[in-house]
Amino acid sequence: MDFGNYLALIAPELLISISGLVLLLVAAWVGDSAARPISILAALVLGVACFMVGPALFDGASGPDTNAFAGQFRADGFAAFAKMLIYLSGIACLMIAPAFFERLGAMRAEYPILILFSVLGTGIMVSSGNLITLYIGLELNSLAAYVLASFLRNDGRSAEAGLKYFILGALASGILLYGMSLVYGFTGTTDFTLIRAAMTLELSTGALFGLIFVLAGLAFKIAAVPFHMWTPDVYEGAPTPVTTFFASAPKVAAVALTVRVSLDAFGLQADAWRQIVIFAALASIVLGALGAIGQDNLKRLLAYSSINNVGFILIGLAAGTPQGASAVLVYLAIYVVMTIGSFVAILMLRDADGNYVENIRDIAGLSRAKPLIALILAGMMLSLAGLPPMFGFWGKFVVFQAAVQADLILLAALGIAASVIGAFYYLKVVKVMFFDEPAGVVQGRSETGHWVLLIGTAIIVSPLGYLLTIPLGLLADRAAVSLSLLP
Amino acid sequence: MLQTIAFYLFATLVVASAVMVIMSRNPVHSVLWLILSFFNAAGLMVLVGAEFIAMLLVIVYVGAVAVLFLFVVMMLDIDFASMRAGFVRNAPLGIAIALVLLAELVLGIGAYRAGALILGTPDGTAAPLLFESNIESIGALLYSRYLFLFESAGIILLVAMIGAIVLTHRERPAAHRRAHQDIGKQVRRNPKEATFNASPEIGKGIDL
């Protein structure tokens with residue numbers, strides 16, 4: 001075993017864990033007054049980690065050279081693509097948090113550290129080449145996430161969100177572990193490549209059950225119907241910066257992990273899981289859209305929107321081709337930008353007392369009080385709905401294209417039809433902001449950091465984002481090829 | 001032969017005591033059955049030659065269960081007087097379990113000395129151990145092949161610890177801290193400053 005090579009391959013993980021430990025010591029000695037500097041340092045660490053995964057991303061690294069620790073860890077182009085998204089969204093969540101928590105008097109030095117460790121876990125998830133690595137990454141990410149969800153200890157909703165997330169997350173871990181033990185029992189290995197090799201013939205009932213349980217556990221983590229019920233409550237109850245984090249980094253990681261497990265470990269059994277994925281995709285699109293209609297809390301609405309978007313992502317996975325995987329990555333990249341932009345816009349809305357506004361009624365007539373925020377939020381909503389001039393359309397377009405080319409024309413048609421339902425509630429938000437009588441609730445100035453992030457995401461989501469289609473598509477194609485999709 | 005008998009004895013008791021864990025109405029009894037079940041699982045591990053895991057089961061799980069036991073006793077309102085009342089009535093069951101455990105000990109050690117059961121995969125026997133004892137083998141694998149996973153698992157435990165502290169640790173508010181005894185301040189007090197006469201109007205109080 002060549003440990004030098006291995007350590008070079010896990011360099012981003014090493015960097016994040018060591019700096020997490022050092023910053024933890026700083027937090028312990030200096031206390032909560034150091035929370036802001038620690039957040040900045042943590043964001044810098046993630047920035048350096050971005051540069052570390054850069055080469056693997058641009059070269060589309062693949063093959064046995066990217067395997068560390070006997071294939072347990074894979075630093076290939078696919079992982080690099082997902083990690084880049086994860087690190088960037090981690091930086092965004094570190095940027096928006098201090099202002100929010102300081103206003104509530106709850107900023108603690110542990111916040112950036114927990115974000116760092118959660119990001120570390122998501123990085124391990126997307127790099128996993130073994131069921132054990134998968135589970136360890138997932139638990140590392142989830143454990144930090146449970147704590148982050150109930151970070152506002154004195155807020156009942158936050159505590160409830162944390163507890164709900166913890167109990168349902170533990171249940172999902174149990175389902176996942178049960179599936180993994182069945183897969184291990186029927187294939188005799190936990191390594192993805194060897195599982196793939198062992199699952200060439202027709203699946204035995206036990207192995208099929210294992211596959212279904214593993215996919216069910218992962219579906220919980222990506223919040224796909226029918227395992228979505230925790231999402232609205234957790235997204236609503238958790239502090240908004242934490243919700244932003246939940247909707248971005250762990251979502252990217254769980255989707256990328258699902259793609260890797262389905263196409264790599266279970267890649268030769270696509271017929272066994274395709275119908276499950278198709279069902280979850282359509283159910284997520286429809287339920288996400290229908291559930292959002294009655295909501296009057298913006299964060300709850302965005303939670304249903306994330307369920308809805310996961311449905312579209314799963315359509316790309318259902319294609320089961322490298323092109324489908326590439327479409328999933330493109331969609332993820334655009335989705336992360338849109339979701340961070342929407343949450344930052346919500347985070348910038350405060351009433352006269354400095355309380356955060358989350359109710360749809362309170363943003364009525366926002367276009368007159370805060371024209372720029374209203375305009376950008378409207379842009380995000382139209383983009384999430386997938387209306388053509390906005391960049392969000394491109395994500396849906398590539399996903400449907402992949403589905404059509406994989407002869408899933410009916411699925412694509414149903415998906416497009418169902419996305420019309422979703423357009424209703426996105427347009428409702430736009431209507432409330434621009435055409436309703438002003439509620440006059442939103443007042444006060446917003447932080448510069450939030451503006452920077454909001455305008456940055458707005459530029460990407462705007463039609464200018466189409467300049468990115470070619471490089472994004474190229475990188476995603478390279479990343480998808482590195483998944484080692486043997487025939 | 002001896003191993004097979006020992007295996008069936010341990011396995012039966014694991015299942016039986018696990019059933020009793022969920023069947024008994026008294027939480028304390030449940031915990032006791034759980035301990036019995038862990039001991040028997042440890043016996044099974046000894047039979048297949050995994051002494052290290054057997055020891056872990058006993059030390060970690062039975063130890064953890066002892067703590068759990070304490071929690072149960074602390075948090076639930078259990079009438080211990082009524083439990084002690086049945087001592088004579090329950091003595092035969094207790095003695096029977098003690099005898100079974102003794103028999104298990106003898107059988108287990110005997111079976112272990114006669115050679116462990118050989119477990120294998122469907123297409124052959126299991127891989128041979130790297131070292132003489134399985135503790136050494138586990139250690140060698142944990143720090144080479146599974147180094148990354150082992151260290152990551154360590155970070156998971158660290159995150160769990162940070163989480164527990166973040167969610168429960170509170171700075172004492174300043175008002176609360178002032179209520180602590182300050183002996184110097186008490187000694188410096190003199191009666192002239194500490195007491196005064198006042199004659200408040202009827203129906204009105206005084207500010208202290």
Side-chain angles (χ1 to χ4, degrees), chain A residues 1 3 6-7 9-10 13-14 16-17 20-21 24 27-28 31-32 68-73 108-111 113-114 116-118 120-121 123-124 127-128 130 132-151 153-154 158-159 162 166 185-186 188-190, chain B residues 14 18 21-22 41 44-45 48 50 53 56-57 61 64 68 75 118-128 130-131 137-177:
Chain A
M1 269 179 272
F3 266 82
Y6 291 174
L7 292 183
L9 286 173
I10 62 166
E13 276 69 30
L14 276 182
I16 294 176
S17 42
L21 296 174
L24 181 63
D32 291 341
F69 298 100
Q72 291 159 17
F73 187 92
R108 309 189 51 170
E110 284 86 2
Y111 176 83
I113 291 160
L114 284 171
L116 268 190
F117 281 127
S118 187
L120 174 69
I124 294 175
S127 284
S128 58
N130 191 308
I132 308 174
T133 323
L134 180 166
Y135 184 68
I136 284 187
L138 197 78
E139 278 307 294
L140 181 52
N141 160 44
S142 307
L143 253 155
Y146 303 147
V147 181
L148 285 171
S150 43
F151 205 74
R153 295 178 306 184
N154 298 327
S158 176
F166 173 66
F186 281 89
T189 172
T190 56
Chain B
V14 169
V21 172
I22 52 172
L44 283 176
M45 289 298 165
V48 296
I53 298 178
L56 273 188
L57 265 179
Y61 279 91
L68 194 72
M75 294 190 172
I118 305 296
L119 293 184
T121 49
D123 52 347
T125 53
L130 289 171
F131 290 97
S137 309
I138 289 175
L141 275 179
L142 272 189
Y143 285 99
S144 60
R145 187 185 169 90
Y146 296 106
L147 178 71
F148 178 72
L149 299 177
F150 185 64
E151 298 295 339
S152 310
I155 292 183
I156 294 183
L157 294 181
L158 179 71
V159 168
M161 204 167 77
I162 299 172
I165 294 171
V166 164
L167 292 182
T168 55
H169 175 73
R170 275 163 213 269
E171 286 288 328
R172 281 164 190 269
H176 192 257
R177 200 178 292 156

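Numbers restart at 1 for each chain; the letters A, B, ... are given by sequence-line order, proteins then strands.
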Mind running side chain to side chain contact (heavy atoms under 4.5 Å, CB included) on Leu147(B) and Phe3(A) for me, showing each step along the way? CA-CA 10 Å; Leu147(B) 178 71; Phe3(A) 266 82; 3.4 Å; yes

Supply the atom-to-atom distance Leu157(B) CG to Glu139(A) CD, rounded to the nearest 0.5 angstrom. 11.0 Å

Shortest non-hydrogen contact between Arg153(A) and His169(B), atoms and distance: NH1-O, 2.6 Å

Side-chain heavy-atom pair Ile162(B), Val147(A) within 4.5 angstrom cut-off: no

Report the C-alpha separation of Val166(B) and Tyr111(A) in whole Å, then their side-chain angles, then the decisive distance to 0.1 Å, and conclude whether the side chain to side chain contact (heavy atoms under 4.5 Å, CB included) test is met. CA-CA 9 Å; Val166(B) 164; Tyr111(A) 176 83; over 6 Å; no

Find the distance between CD1 (Ile132(A)) and OG (Ser152(B)) and round it off to the nearest 0.5 Å. 11.5 Å

Could you tell me whether a side-chain N or O of Glu13(A) sits under 3.5 Å from a main-chain N or O of Phe148(B), the two making a donor and an acceptor? no

Sort Ile136(A) into side chain, backbone, both or neither according to what part of it lies under 4.5 angstrom from a heavy atom of chain B. both

Ile156(B) vs Phe117(A) side-chain heavy atoms within contact, under 4.5 Å: no

Partner of Val159(B) by side chain to side chain contact (heavy atoms under 4.5 Å, CB included), out of Ile113(A), Leu143(A), Asn141(A): Leu143(A)

Sort Leu148(A) into side chain, backbone, both or neither according to what part of it lies under 4.5 angstrom from a heavy atom of chain B. neither

Could you go through the side chain to side chain contact (heavy atoms under 4.5 Å, CB included) check for Ile155(B) and Leu21(A) one step at a time? CA-CA 9 Å; Ile155(B) 292 183; Leu21(A) 296 174; 5.6 Å; no

Could I get the full list of side chain to side chain contact (heavy atoms under 4.5 Å, CB included) partners for Ser128(A), not counting sequence neighbours? Thr133(A), Leu134(A), Phe192(A), Leu257(A)

Heavy-atom nearest pair, Leu167(B) first then Ser150(A), reads CD2-O, 3.4 Å

Contacting region of Leu158(B) [heavy-atom separation from chain A under 4.5 Å]: side chain

